[in-house]
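Okay, so here's the structure we're looking at.
For ligands, and for the atoms within them, numbers begin at 1 and follow the listed sequence. It should be emphasised that the depicted structure is a prediction, and the values quoted were computed from it without experimental measurement.
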Amino acid sequence: MKIFVYHTPEEIPNNRLPGCAVVIDVLRASSTIAAAINAGASAVQVFSDIEPLLEASETVEEDKRIRAGERGGRKVKACEFGNSPLAFTPENTEGRRLFLSTTNGTRCSESVRNASKVIMASLTNRQAVVNSLATKRPGTVWLVGSGWEGSYSLEDTVCAGAIIDGILAVGKTPLSKLAGNDEAIAAVSLFRQWQDQLLELLTSASHGQRLLKMRGKADVAYCSQLDVLDTLPIQKGLGIFVQRKPGVIEKTCEFLGRLVGRKPVNIPAVANPDVEAPAPEAKAEAKKPTTSKKAAAKVDEKAETPKAEAKPKGKDTPAPKVEAKPKAKGPAAKSLTAGAPKGAAPPKAKTEVKPKVEAKPQAKAEEQTFFSGS
Ligand code: MLT
């Protein structure tokens, strides 16, 4: 697996596509999409323009849809919602399709929509993205920041760094081998520098500042949380994102886990030498030799244990202690989701003319067949 970081959609190569494209718009589009899907949205359909959004939304009954639009950080008049992740609660979102258009995030998503696999990433669902990439290990991954109208966004690059750092934590592949470009290494360094002060970084970033001036403090605080959602929005049909359904292996492991009363585990890549063995308890589980194995192990034991001195019957050599790798931070629903930004009547938002970024033609997709499953 090679991971490339592009700070804005304008930087991505225009003659090829990755096995997996990861769209990042921490402030706020990808955080909003993860929050809406976590609140039970049946799907999120993204548009770079408002008109096609309004047209498409007319094909869905009113009580089965939500329309959300943002320009310049403010709500678009024709839509019920703006782009605040705090606006989407189970009460107003469960079972509805969200039609969303924003200044940069949805435009970025359109620029890579022809890739075999497209995931939405933010700081809130970083671990879910890491688990998917570490499990599926696509040959080439693009982490694409949405930026702000073509310019660099600090918060998107720190999120790219957090994802790579998470993959390094569950694998043995060194950064020098994993990084596909220098931007990837720089992103990891940025994350390691700021990983305990993400809120401070987001409030110092230019778009964070912009949102704070529009009373977006709660949104910035919400978007700065790390690994609080176990949600993975994945593209199913051009521009349509749904929650990724756990694969057969994950379901089986979770079922087995519940069977023996264990909390669901994060599934590292299966049968991939590069990935460190799962946590000791899982290892112990895996170690419980089946009968034939038992016989084989006996043979081995006999073979392995140096015939130094004949030991009295029944005394076994204690198994060497396996130091468990510090686990990456676990997802937990934290409390910043309470309540949508209430009250303030948003000022009229001007529809801005945006630089058109053509969706990259269906160039030779590198890993077409890899993701036949989810
Ligand atoms: C965007 O897509 O540009 C952002 O999400 C804008 C915002 O809503 O803050």
Kindly give the heavy-atom pair with the smallest separation between Pro52 and Phe47, and that separation in Å.
O-CE2, 3.7 Å

Under 3.5 Å donor-acceptor, Asp156 side chain and Val26 backbone:
yes

In terms of the angle between their ring planes, are His7 and Tyr152 parallel, tilted or perpendicular, with boundaries placed at 30° and 60°?
perpendicular

His207 contact mode with ligand 1 (heavy-atom cut-off under 4.0 Å)
side chain

Run the numbers for me: atoms of ligand 1, each under 4.0 Å from some heavy atom of Thr103, listed by number.
1 (C), 2 (O), 3 (O)

Short list, please: which atoms of ligand 1 are under 4.0 Å from a heavy atom of Asn104?
1 (C), 2 (O), 3 (O)

Heavy atoms only, cut-off 4.0 Å: how does Glu70 contact ligand 1, side chain, backbone, both, or neither?
side chain

Would Arg67 and Ser101 count as a side-chain hydrogen bond (donor to acceptor under 3.5 Å, both in side chains) here? Give the steps.
CA-CA 9 Å; Arg67 297 181 293 192; Ser101 178; over 6 Å; no

Compute the shortest N/O to N/O distance between Gly73 and ligand 1 and return yes if it is under 3.5 Å, no if not.
no

Atoms of ligand 1 less than 4.0 Å from Thr102 heavy atoms?
1 (C), 2 (O)

What part of Asp25, side chain, backbone, both or neither, has a heavy atom within less than 4.0 angstrom of ligand 1?
side chain

Atoms of ligand 1 under 4.0 Å from any heavy atom of Ala29, numbered from 1 in the order shown, are 2 (O), 5 (O)

Is a donor from one side chain sitting under 3.5 angstrom from an acceptor on the other, for Thr231 and Asn125?
no

Hey, are Asn104 and Ser146 close enough side-chain-wise for a donor-acceptor pair under 3.5 Å?
no

Going through the checks in order, is the side-chain hydrogen bond (donor to acceptor under 3.5 Å, both in side chains) test met by Arg113 and Gln235?
CA-CA 8 Å; Arg113 68 184 181 174; Gln235 181 176 254; over 6 Å; no

Is the shortest N/O to N/O distance between Arg28 and ligand 1 below 3.5 Å?
yes

Verdict with reasoning, Glu10 to Arg107, per salt bridge (Lys or Arg N to Asp or Glu O under 4.0 Å)
CA-CA 11 Å; Glu10 286 76 8; Arg107 196 169 58 91; 3.3 Å; yes

N/O to N/O below 3.5 Å, does that happen between Leu211 and ligand 1?
no

If you have a sec, work out which protein heavy atom is nearest atom 8 (O) of ligand 1 and how many Å separate them, to one decimal?
Asn83 ND2, 2.7 Å

